[in-house]
Structure formats: C-alpha cells, structure tokens
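Working notes for the structure below.
First listed ligand is number 1; within each ligand, the first listed atom is number 1.
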Amino acid sequence: MAELTDSYYLGFDFSTQQLKVIAIDGKLQVTHQSNVQFDSDLPEFRTQGGVHIHEDRVTVTSPVLMWVKALDILLEKMTSAGFDFSRVKAVSGSGQQHGSVYWKKGARKTLQCLDPGRCLHGLLQDCFAVQDSPVWMDSSTAEHCKNLECAVGGAQQLTDMTGSRAYERFTANQIAKIYQLQQDRYNETERISLVSSFAASLFLGDYAAIDYSDGSGMNLMDIFSKQWSDTCLRATAPQLAEKLANPKSSTTVLGSLSPYFVKRYGMPEDCKVVAFTGDNPGSLAGMRLREGDIAVSLGTSDTVFLWIKEPRPMVEGHIFCNPVDCLSYMALICYKNGSLTRERIRNECARGSWEDFSTALRSSPTGNNGNIGIYFDAVEITPSAVGIYRFDQHDRNVSAFTPEVEIRALVEGQFLAKRVHAEKLGYRIIQGTRVLATGGASCNKDILQVLSDVFNAPVFTIDVANSACLGCAYRAVHGLAAEMGMSFAEAVNEAPGAQLAVRPTPGAEKVYGPLLKRYAYLEEKILKQTSP
Ligand code: ADP
Ligand code: XUL
C-alpha cells in the first residue's frame with residue numbers, strides 16, 4: 001500500500017489557452033493540480049485565447065516557444081508548491097489536436113544534451129524552423145483540402161482510409177501550405193511533430209513518435225494499417241515520411257525521462273514517458289469510456305464521442321484509432337446547433353426559463369405524438385444543412401408547433417440525430433451500454449431523460465473540466481501496466497466513477513425505434529432538397 005500512495009503519475013495537457021497538469025497517486029487519487037494561462041502568464045507572446053488570429057482572419061497560429069516557456073513556468077510553480085518530483089513513476093500528456101511543430105535541422109542534438117542549469121526556453125530558442133505553429137482553429141487551407149481529396153479519388157475515399165474527409169485544420173493540409181508558402185522553412189525541417197508528440201519530445205529529450213490516435217487527425221494515416229498512406233504523403237509534400245517517422249501505439253512507453261528533468265527537478269532516472277496523444281482521445285481516457293459507451297457533451301456546441309469496434313468511416317464525423325485499446329476505434333461527431341439553439345427555443349417557447357422548458361418536457365408524451373423537428377439555426381456540421389423543418393406524424397411539413405410540442409421536438413430531434421449518426425459510423429448499443437453526459441445542459445434531468453429514452457440506456461453524469469489531463473495521468477499509469485499485459489479498464493478500475501442520473505422510461509424503445517427510422521429518412525430528404 002505504501003508503494004501505491006508513494007508513487008505519482010503526471011498528466012499534462014497542452015491545450016489552446018493553457019498548459020495544465022494533474023498528479024495522481026497509485027490509488028488514482030488526484031494529489032496536485034496546476035496550470036499556466038498563456039495570455040495572462042506569458043503576456044510577452046501577445047496571444048488572445050492562446051492564439052494569434054492573422055489579418056486574413058483564417059490563419060491561426062501559436063508561438064511554439066510560448067508552449068516551451070509555459071512548461072518551464074509550470075514546473076517551477078510545482079517546485080514552489082512543494083511537489084515531490086522524486087516520486088514520479090511515469091508522465092504522459094495530450095495536446096490540442098491537428099497543430100504542428102517544425103523542428104530545425106540539428107534540434108535533435110540539442111534535445112539530447114540539454115544543460116540542466118538553464119531553462120528549456122533558452123535552450124530551444126533556435127530549434128524551430130517555423131516559429132508560429134498552425135493550430136486547429138486555422139481554416140486557411142481549403143485549396144489544399146481539395147487537392148488532397150482529388151489525389152486519392154474523392155472525399156469518401158480519403159475518409160475510408162484516414163477516417164475523415166479533408167479538413168482545413170487537419171495536419172496534412174497545414175503541412176502542404178507550409179511547403180507551398182515557406183519552402184525554405186520546410187526544407188530546413190528535420191522533424192514534424194504534432195503538439196502532443198512535440199510535448200512528449202521535451203520530456204524524452206529526443207524526438208517522440210506520433211501516436212496512432214492523434215495521428216488519425218492528420219488526413220495522412222491509414223487508420224486500419226496504422227501506417228502513413230503513400231498517396232497522402234505524396235499529395236502533401238516531398239520527403240514527408242522521413243520528417244514524420246513511424247507512428248506508434250498510444251500506450252507505448254517511449255523511454256525514460258530526459259536526464260535534464262532528473263538533474264533539474266530531481267525526478268527519478270527510471271521515470272517513464274508514455275506516448276502523448278490528442279486532447280479528445282485524452283478525454284475519452286479521462287471519462288473512462290468503455291466498449292459500447294457513448295459520451296455526449298452538451299456545451300455551446302454538442303460533441304459526441306463513441307467507442308467503436310468496427311468503424312464505418314463517413315464523410316460526416318471523424319474516426320480515430322482508440323487511445324487506450326489498439327484493437328478499437330473512437331468516433332467524434334461535432335454539432336454546431338447545441339445549447340444556443342436550445343436557448344433560442346427556451347426564450348421563444350418557455351419565457352426564457354429552463355424551469356418552464358423542463359415542465360414542457362415533463363408534460364409532453366414520449367415520442368411527441370409522432371411530430372419531428374429539425375432545427376439548424378446555423379449551418380450544421382453533421383449534416384451540412386441549414387434551416388428549420390417540422391413534420392407531423394405522416395411526414396407532412398408543418399409551419400409551426402405549439403410551444404410544448406416545439407420544445408420536445410427540439411430535444412428529441414437533437415438526440416435522434418446523435419443516435420442515427422453514431423450508428424451510421426458503426427456504433428452499436430450493447431448490453432451494459434452507458435451514456436455519459438457532460439457540459440452545461442447535463443445538469444437538466446428532463447433533457448437527460450429524453451437522452452436516456454432515445455438511446456434506451458442509463459445516463460451517467462461526469463465532471464470533465466480536466467478530463468484530458470486526468471485521462472493522461474491514467475494513461476501514464478496504464479502505460480506501465482500495459483507492459484504487463486493489463487488493459488486500461490483494469491489499470492484504472494479503482495478511479496472515481498460517473499454518477500447515475502436517469503434510467504430509460506419503460507416502453508421508450510418501442511416509441512423511438514420507428515422514430516429513428518423516420519428521422520434518418522427525413523434528414524436525407526432535407527439534404528436532397530437543399531443540396532445544389
Ligand atoms: P462550453 O461549451 O462553453 O464549455 P458549457 O458546457 O459550460 O459550455 O455549457 C453552457 C451551456 O449550458 C449554456 O449555453 C446553457 O445553454 C446550458 N445550460 C446551462 N444550464 C442549463 C439548464 N438548466 N438546462 C439546459 N441547459 C443549460
Ligand atoms: C478536434 C479539434 C479540437 C482540438 C482542440 O478535431 O479540432 O477539439 O482538439 O481542443
């Protein structure tokens with residue numbers, strides 16, 4: 001037991017606005033947390049929300065040296081707070097997905113012999129060929145996306161292989177842009193990292209491999225063979241395979257910590273670095289999603305995470321390799337019309353009160369007497385469509401619903417859509433499936449009841465403010481346990497669990513079975529009518 005509480009595991013998260021760390025002990029209890037805010041703690045980099053939005057409004061970058069300096073500050077802060085680095089057995093972490101870092105020729109040598117008397121920021125000053133790293137908020141590469149899809153025979157072909165169609169933020173398209181506009185910089189680059197593998201490289205004191213899960217967000221990796229696709233590499237930039245090196249499993253122990261941290265912070269020589277991954281895969285680990293589970297985040301926008309065994313990539317949604325089980329996959333589906341649309345309907349139909357909104361849900365029947373509504377106030381991501389559509393029980397268009405019917409139609413419609421799209425990507429509800437709900441609207445039990453009824457599964461709530469960070473501390477524990485053949489679920493079995501919120505209403509399945517089919521049909525119909 002002494003051994004369990006004496007050991008620490010660290011999870012770092014290099015996210016858009018801050019660098020965070022969580023330490024857990026061997027009993028998986030959080031013992032320390034800290035963070036560095038880029039805008040306020042590092043004002044010299046003049047970022048807003050951690051990024052620079054360029055004049056064209058579509059180019060978005062972050063200074064790579066800001067991330068390095070943030071790590072110096074965070075580790076100093078932990079030292080001042082009395083954190084005992086000598087007990088750390090393993091570190092892992094995550095980074096905002098898709099962003100890329102360009103290491104200059106010779107940087108590897110510098111990384112391998114860092115002087116522990118100096119800060120990382122000073123030591124790595126001249127190590128980057130590109131100072132301003134493109135990040136996920138960038139949307140300046142429409143032309144490169146077109147080229148890439150063209151090179152592989154179309155959007156569906158690219159999706160079939162890499163798990164996603166071409167997206168502007170995805171790394172291949174960002175690399176293609178750098179090659180085209182800054183060819184000298186590209187040629188000076190000896191290694192291209194993702195934000196996650198860049199951060200791992202700092203701890204390793206050498207270039208860290210890109211992991212399969214974050215590597216799936218690049219439009220470059222064949223998610224089934226887990227190798228770079230030659231066609232995608234060729235369509236992106238020359239000599240790219242050698243600049244990326246081979247990706248590795250997300251659970252890999254990459255090696256021991258760089259002597260820099262041993263000497264400067266007193267960390268143990270045999271402390272291991274477990275592959276870093278993307279923040280969304282990190283969150284999946286933090287929520288301890290299991291096979292058959294679905295996580296629904298009801299925030300400003302709605303996001304759905306799925307654990308999938310047999311994925312069927314579709315042009316809407318993303319399939320990534322699973323970060324905790326290399327035989328499985330995870331899917332990510334994003335919806336723009338989430339809480340803001342719920343708020344609009346609340347304002348129009350429930351006098352701006354969530355109480356009244358809930359009363360309307362409680363007093364209207366499961367299945368809404370066959371009425372279905374589709375509310376895309378803004379152009380939706382999944383599917384790409386806009387407009388408000390209402391149908392009666394015979395699929396006839398109607399122009400308005402009563403306030404009560406409108407409220408239920410919105411909530412049922414949003415959740416029917418999530419189940420229809422999840423199943424299109426290969427998701428199946430199995431015995432023991434749990435729906436994990438997070439985000440602002442997950443405090444509303446009446447909304448959760450509809451979610452539970454549509455999925456015919458119990459809904460659990462979970463606090464995920466730091467899920468990526470916590471998930472990576474769990475992944476650090478699992479990295480060591482995996483070497484002894486232990487699964488992620490076994491390794492983190494003792495961690496605090498999610499809270500049961502609601503169970504499905506008896507009979508709900510019979511009502512929603514036919515409605516799911518009708519929803520899928522009506523959405524198809526709308527797409528056919530509205531596509532050019
Ligand atoms: P973000 O995506 O910015 O992290 P949050 O997860 O904090 O957002 O969610 C904020 C949203 O939660 C608000 O826009 C609001 O619509 C919604 N919300 C807050 N309370 C309730 C409630 N009682 N019922 C339904 N939605 C709620
Ligand atoms: C996912 C995505 C963002 C980033 C930033 O595809 O672009 O969620 O990972 O957090």
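- Ring geometry, Tyr329 versus Phe224: the interplanar angle falls from 30° to 60°, so the pair is classed tilted.
- Aromatic ring pairs are classed by plane angle as parallel below 30°, tilted from 30° to 60° and perpendicular above 60°; the pair Trp354 and Phe357 is perpendicular.
- We find the OG-CD1 distance between Ser216 and Ile319 to be 9.5 Å, quoted to the nearest 0.5 Å.
- At least one donor-acceptor pair under 3.5 Å links the side chain of Arg419 to the backbone N or O of Val454.
- Ring pair His98/Phe170 is parallel by interplanar angle, where below 30° counts as parallel and above 60° as perpendicular.
- Gln131 places no side-chain N or O within donor-acceptor distance of the main-chain N or O of Leu65, the cut-off being under 3.5 Å.
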Enumerate the pairs of nitrogen or oxygen atoms, one from ligand 2 and one from the protein, separated by less than 3.5 angstrom; state names and distance to 0.1 Å.
unit_1, atom_1, unit_2, atom_2, d
ligand 2, 6 (O), His98, NE2, 2.7
ligand 2, 6 (O), Arg169, NE, 3.4
ligand 2, 6 (O), Arg169, NH2, 2.8
ligand 2, 7 (O), His98, NE2, 3.3
ligand 2, 7 (O), Arg169, NE, 2.8
ligand 2, 8 (O), Asn280, ND2, 3.1
ligand 2, 9 (O), Gln97, N, 3.0
ligand 2, 9 (O), Asp279, OD1, 2.7
ligand 2, 9 (O), Asp279, OD2, 3.4
ligand 2, 9 (O), Asn280, ND2, 3.4
ligand 2, 10 (O), Asp279, OD2, 2.4

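- Residues of the protein with a heavy atom under 4.0 Å from ligand 1 are Gly299, Thr300, Ser339, Glu343, Trp354, Gly439, Gly440, Ala441, Cys443, Asn444, Ile447, listed by chain and number.
- Looking only at atom types and distance, the side chain of Asp446 has a donor-acceptor partner in the side chain of Ser358 under 3.5 Å away.
- A salt bridge between Asp302 and Arg342 is present, with a side-chain N of the basic residue lying under 4.0 Å from a carboxylate O of the acidic one.
- When each of Asp279, Thr277, Asp13 is checked for a side-chain hydrogen bond (donor to acceptor under 3.5 Å, both in side chains) with Ser94, only Asp13 meets the rule.
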